[in-house]
Amino acid sequence: VVYFYSTNVNPLLWELTKEKYFETYGYCLLSWKKYVSWTLLHEKWLNKITKKQNKFIRTSYVPFAGEHTKLSFKKKILTIFDVPPRKDEIYNLLDNPYNIYTLKYCTNFIQNIIYALPESFYENFNIIIKSKFKNNKIIHTKYDQYLNDLQKNKNIKIIHKISSESIIDKSDATISIPFTSPAITSLRKNKNAIFYDPSGKLTLLNCLEKDIKLVSTLEDLKVWISELVENENKK
């Protein structure tokens with residue numbers, strides 16, 4: 001049995017450049033008897049890419065990495081799930097040449113969200129940035145420094161090691177970089193969850209869970225944040 005710890009499997013650069021790309025991760029060669037899948041679209045994607053009807057075990061989500069810890073915060077929590085950009089030489093040597101997670105894209109993802117938050121937001125909310133991993137040898141140094149600088153705001157906390165599930169359990173809402181799996185876990189746990197695309201060019205075409213809202217502009221992001229505050233205040 002093969003399980004997918006992530007549903008972020010499609011090269012999103014397809015949508016930005018409108019070019020045809022080759023499948024780079026060898027998914028078309030998979031030949032196991034069963035697969036653990038997250039969604040029906042996940043199964044259809046694998047059937048299409050392997051050109052056969054596979055057998056699946058459907059799960060809501062796959063808890064994967066990090067310590068499972070109970071968190072305690074006095075305020076409500078908005079959690080942001082990023083993908084740290086790697087150093088240029090790492091991408092050039094090892095990674096998918098169709099990478100969308102550049103320093104600019106990943107920094108704009110965080111930067112625009114913080115910019116969209118009104119000052120009054122911090123009165124009732126803490127911000128957690130759940131960074132996907134911490135490895136100074138491969139993460140772009142400018143992004144690492146950017147996250148460190150953000151923590152000067154006492155209402156913003158950067159977390160690496162704790163499992164996504166632990167943080168989602170405590171969160172009131174989540175924002176995920178497209179099209180990462182914590183958004184699906186958040187949806188399954190009935191959290192207010194969105195994807196935010198700082199490029200403004202992506203659609204849900206290559207997302208394997210269509211029930212999560214994709215926000216593509218700063219104005220729409222501000223509207224969602226305003227509605228979040230309003231709904232949480234009613235509770």
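Numbers for residues simply follow the sequence, beginning at 1. Computed from a predicted structure; not experimentally measured. Scope of the values below: all heavy atoms of this structure, side chains included, with no hydrogens, waters or symmetry mates.
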Shortest non-hydrogen separation from Pro178 to Leu12 and the atoms involved: O-CD1, 3.6 Å
Asp197 vs Tyr105, side-chain hydrogen bond (donor to acceptor under 3.5 Å, both in side chains): CA-CA, chis, key distance, verdict: CA-CA 9 Å; Asp197 168 37; Tyr105 187 90; 2.7 Å; yes
Ser171 and Thr174 side chains, donor-acceptor separation under 3.5 Å: no
side-chain hydrogen bond (donor to acceptor under 3.5 Å, both in side chains) between Glu165 and Tyr61, intermediate numbers included: CA-CA 10 Å; Glu165 190 182 359; Tyr61 59 89; 2.8 Å; yes
Test side chain to side chain contact (heavy atoms under 4.5 Å, CB included) applied to Phe4 and Val36, step by step: CA-CA 6 Å; Phe4 288 84; Val36 176; over 6 Å; no
Aromatic contact, Phe179 with Phe195 (centres under 6.0 Å): yes
Side-chain ion pair, Asp82 and Lys132, N-O less than 4.0 Å: no
Pair Glu43, Asn47: side-chain N/O donor-acceptor within cut-off below 3.5 Å: no
Salt bridge flag under 4.0 Å for residues Glu123 and Lys75: no
Residue pair Ile184 / Ser60: nearest heavy atoms and the distance that separates them: CG2-O, 4.1 Å
Distance-only donor-acceptor check, side chains Ser6 and Asn8, under 3.5 Å: no
Pair Lys34-Asn54, side-chain donor/acceptor within less than 3.5 Å: no
Any side-chain donor near an acceptor of the partner, Ser166 and Asp169, under 3.5 Å: no
Aromatic ring proximity, centroids under 6.0 angstrom, Trp45 and Tyr27: yes
Pairing of Arg188 and Glu209 as salt bridge, 4.0 angstrom limit: yes
Donor-acceptor side-chain pairing of Tyr115 and Asn108 below 3.5 angstrom: no
